[in-house]
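Only a predicted model underlies this, so the values are computations on that prediction, with no experimental measurement involved.
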Amino acid sequence: MQTIQELINLLNLEKVGENIFSGNSYTIGSPQVFGGQVLAQAVNAAHKTIPENRFLHSLHGYFLEAGDLSVPINYKVEEVRNGGSFSTRRVTAIQHNKTIFILAASFHQQEDGFEHQANFNKDIKQPEELLSWDDMLVKFGDFLPKSTKEFLNVKRPIEFKPVRVPNPLDPKNLPPTEQVWFRLKGESQKLDFRTKLEILTYISDYNILNAAFNPNASKHNFGNTQTASLDHSMWFFRDFDFNDWMLFTAESPNAFGARGLSRGNIFTRKGKLIASFAQEGLLRPKKRK
C-alpha cells in the first residue's frame with residue numbers, strides 16, 4: 001500500500017447487511033491486524049449511518065482479540081442515539097464469529113463557541129532538519145536489527161520523521177516523550193472532512209507506545225517485549241488538511257504491571273491543535289528461553 005487512494009480504499013467498507021459493513025486488512029509489518037486500521041474502519045462504518053451535518057468529535061475503543069490479516073472483518077453498527085445536536089454509535093468488529101473490537105463514537109453538529117488550546121512548541125526541530133523512516137532505512141539499513149529493518153521496509157502512504165532518533169546499537173533510557181512529524185505522500189487537497197478524520201484515526205495508532213517504552217529503552221524494545229493496543233481514545237477539535245507536515249506529540253505518565261499509558265496531541269505545522277489522544281498498551285517483557 002503506497003498511495004493515499006489505496007489507504008482510502010482500505011478504510012472504506014462495503015455494506016453487506018443492515019448496518020453491517022465489511023473490510024479487508026493490510027499489514028504494517030506485524031503478523032496481526034494494525035489497531036489503527038480497525039479504529040479507522042469502525043469510524044467509517046459509523047459514518048455510513050450518520051447525517052451529513054454531524055462530525056466525529058470523540059471515540060473510545062477497546063481491542064479484545066488480535067485480528068487475522070487473511071479474513072475480512074465485519075463491523076456491526078448500533079444506532080444508540082440521535083439527539084438534537086449529538087449522535088452516538090456503538091460499533092462491534094467481528095471475525096471468526098468473535099468480537100475482536102468495540103467502539104463508542106459521538107458525532108456533533110458544528111456550532112460556534114469560545115475557545116482555547118494547549119501551547120505549541122515553536123522551537124521544535126522542523127521536518128526539513130530530520131530523517132524520515134525511508135531515509136533511515138537507506139542510511140542505516142545495514143546496521144539495523146532485522147525486525148526494525150523489516151518494519152521500515154513496508155511500503156506506506158505516510159511519511160514519518162521522528163524528532164529524536166535513538167541509536168539501536170547503543171540503547172539508552174530516554175524521557176517518557178515522543179514527537180514525530182508526519183504527512184501523507186502525494187496529493188491530498190480534495191479529501192472531505194470525514195475522510196480526513198478516518199485517516200487521522202488510522203495514523204494515530206503509530207508511534208504512540210514509544211513514549212511508554214523510552215524510560216526503559218536501555219533494556220526493553222519491541223523485539224523483546226510483547227506489545228498490543230488495549231484501548232484507544234481520541235477527541236477531534238478543528239478542521240485541517242494533509243498538505244503540510246503535522247506534529248504528533250506524546251508523553252507517558254506511567255508504566256506498571258505490564259501496561260503503559262501514553263497521551264498527547266496532534267498539531268498542524270502552524271500550531272493549531274486538531275486532536276488529542278490517549279492509549280494504554282500491553283508492554284509484557286518476553287521470557288528468555
Tell me, with the steps shown, if H57 and F237 meet ring-ring contact (aromatic ring centres under 6.0 Å, His included).
-> CA-CA 7 Å; H57 76 89; F237 309 126; 9.5 Å; no
Between S229 and D205: side-chain donor-acceptor atoms closer than 3.5 Å | yes
Compute the centroid of each ring, for F55 and then for F193, and state whether the two points are separated by less than 6.0 Å.
-> yes
Donor-acceptor under 3.5 Å (Q41 side chain, V38 main chain) = no
Apply the test side-chain contact (heavy atoms from CB on, under 4.5 Å) to residues F242 and I199: give CA-CA distance (whole Å), side-chain angles for both, the deciding distance (0.1 Å), then the verdict.
-> CA-CA 10 Å; F242 280 113; I199 292 174; 3.7 Å; yes
Mind checking whether L59 and I208 sit in one hydrophobic cluster, side chains of I, L, V, M, F, W, Y counted as touching below 4.5 Å?
-> yes
Heavy-atom check, side chain of P253 versus side chain of L261, under 4.5 Å = yes
Value rounded to 0.5 Å, distance of CG in L184 from CG in D241 | 10.0 Å
Stepwise ring-ring contact (aromatic ring centres under 6.0 Å, His included) check, F277 with F248 | CA-CA 10 Å; F277 57 82; F248 170 100; 4.7 Å; yes
Aromatic ring centroids of H232 and Y62 under 6.0 Å?
-> no
State yes or no: are the ring centers of Y75 and F21 separated by less than 6.0 Å?
-> no
Looking only at heavy atoms, the pair that brings V154 and G29 closest together is CG2-CA, 3.8 Å
CE (M234) and OG (S276) are apart, to the nearest 0.5 Å, by 8.5 Å
Ignoring hydrogens and geometry, is there a side-chain-to-backbone donor-acceptor pair from K161 to P127 under 3.5 Å?
-> yes
Consider only side-chain N and O atoms of S70 and D68, and report whether a donor and an acceptor are under 3.5 Å apart.
-> yes
Pair D244-K270, salt bridge (Lys or Arg N to Asp or Glu O under 4.0 Å): steps then yes or no = CA-CA 10 Å; D244 197 0; K270 293 183 178 179; over 6 Å; no
H60 and D231: side-chain donor and acceptor closer than 3.5 Å?
-> no
Quick one: does R194's side chain get under 4.5 Å of E52's, heavy atoms only?
-> yes
Taking all heavy atoms of V163 and all of I124, pick out the closest pair and write down the distance.
-> CG2-CD1, 3.9 Å
Pairwise distance CZ(F236) to NZ(K196) - rounded to 0.5 angstrom = 13.0 Å
Assess the side chains of N265 and T249: does a donor N or O sit below 3.5 Å from an acceptor N or O?
-> no
With Y202, which of F182, F34, Y26 fulfils ring pair (Phe, Tyr, Trp, His ring centres under 6.0 Å)?
-> F34
Could you tell me whether the side chain of L282 reaches within less than 4.5 Å of the side chain of Q226, counting heavy atoms only?
-> yes
Using atom types as modelled and distance alone, determine if a side-chain donor or acceptor of T195 lies under 3.5 Å from a backbone N or O of L191.
-> no
Without hydrogens or angle criteria, can the side chains of E6 and Q2 be said to hold a donor-acceptor pair below 3.5 Å?
-> no
Do P162 and M136 have side chains that get closer than 4.5 Å, going by heavy atoms?
-> yes
Side chains of I274 and I266: closer than 4.5 Å at any heavy-atom pair?
-> yes
Minimum heavy-atom separation for L13 to A45, with atom names?
-> CD1-CB, 3.7 Å
Answer yes if F267 and W245 sit in the same cluster of Ile, Leu, Val, Met, Phe, Trp and Tyr residues linked by side chain heavy atoms under 4.5 Å apart, and no otherwise.
-> yes
Distance only, no hydrogens: is a donor on one side chain within 3.5 Å (strictly under) of an acceptor on the other, for T49 and R89?
-> yes
Check: E198/N12 side-chain N/O donor and acceptor closer than 3.5 Å = no
Compare every heavy atom of A217 with every heavy atom of P171, then report the nearest pair and how far apart it is.
-> CB-O, 3.4 Å
Would Q95 and N74 count as having a side-chain donor-acceptor pair, cut-off 3.5 Å?
-> no
In terms of heavy-atom contacts, does CG of N119 have more than 12 from other residues, nucleotides or ligands at under 6.0 Å?
-> no
Show your working on side-chain contact (heavy atoms from CB on, under 4.5 Å) between H108 and S85 and close with a plain yes or no.
-> CA-CA 6 Å; H108 184 205; S85 301; 4.1 Å; yes
Taking every non-hydrogen atom, the tightest pair across A40 and L11 = CB-CD2, 3.7 Å
Taking C-beta and beyond as the side chain, do F160 and R183 meet within less than 4.5 Å on heavy atoms?
-> no
Atom pair CD1/OG1 of I8 and T3 - distance to nearest 0.5 Å | 8.5 Å
Does the distance from a Lys or Arg side-chain N to an Asp or Glu carboxylate O, for R263 and E251, drop under 4.0 Å?
-> yes
To the nearest 0.5 angstrom, please state how far the CE atom of M246 sits from the CD1 atom of I203.
-> 6.0 Å
What distance separates Q179 CD from N210 CG, expressed to the nearest 0.5 Å?
-> 11.0 Å
Regarding R90 and T92, is there a side-chain donor-to-acceptor distance under 3.5 Å anywhere?
-> yes
Any side-chain donor near an acceptor of the partner, R156 and Y206, under 3.5 Å = yes
Under the salt bridge (Lys or Arg N to Asp or Glu O under 4.0 Å) rule, what do R238 and E115 come out as? Steps first, then yes or no, please.
-> CA-CA 11 Å; R238 298 168 176 86; E115 65 176 89; 3.3 Å; yes
Might you confirm whether atom NZ of K76 has over 12 heavy atoms from other residues, nucleotides or ligands at distances under 6.0 Å?
-> no
Taking side chain to side chain donor-acceptor pair (under 3.5 Å) as the test, write out the residues that go with E128, two or more places apart.
-> R269
For N214 and E178, test the side chains for any donor-to-acceptor distance below 3.5 angstrom and give the result as yes or no.
-> yes
So, the side chain of T99 versus the backbone of I94: is there a donor-acceptor pair under 3.5 Å, distance only?
-> no
Please answer: with hydrophobic residues joined when any side-chain heavy atoms are less than 4.5 Å apart, are L69 and I73 in the same cluster?
-> yes
Within 45° cone of F240 ring axis and under 6.0 Å: K272 NZ or CZ | no
Is K185 salt-bridged to E159, cutoff N-O under 4.0 Å?
-> no
Do F120 and L247 touch side chain to side chain, with heavy atoms closer than 4.5 Å?
-> yes
Do Q279 and S233 have side-chain atoms, one donor and one acceptor, less than 3.5 Å apart?
-> no
Can you hop from L131 to I158 via hydrophobic side chains spaced under 4.5 Å?
-> yes
Could you state whether W235 and L273 fall into the same hydrophobic cluster, counting links through intermediate Ile, Leu, Val, Met, Phe, Trp or Tyr residues with side-chain heavy atoms under 4.5 angstrom apart?
-> yes
State, yes or no, whether a side-chain contact exists between L130 and D135 at a heavy-atom distance under 4.5 Å.
-> no
Between N254 and R259, is there a donor-acceptor pair closer than 3.5 Å when you use the side chain of the first and the backbone of the second?
-> no
Intermediate values then yes/no, side chain to side chain donor-acceptor pair (under 3.5 Å), Q37 and S25 = CA-CA 8 Å; Q37 176 202 300; S25 299; 2.9 Å; yes
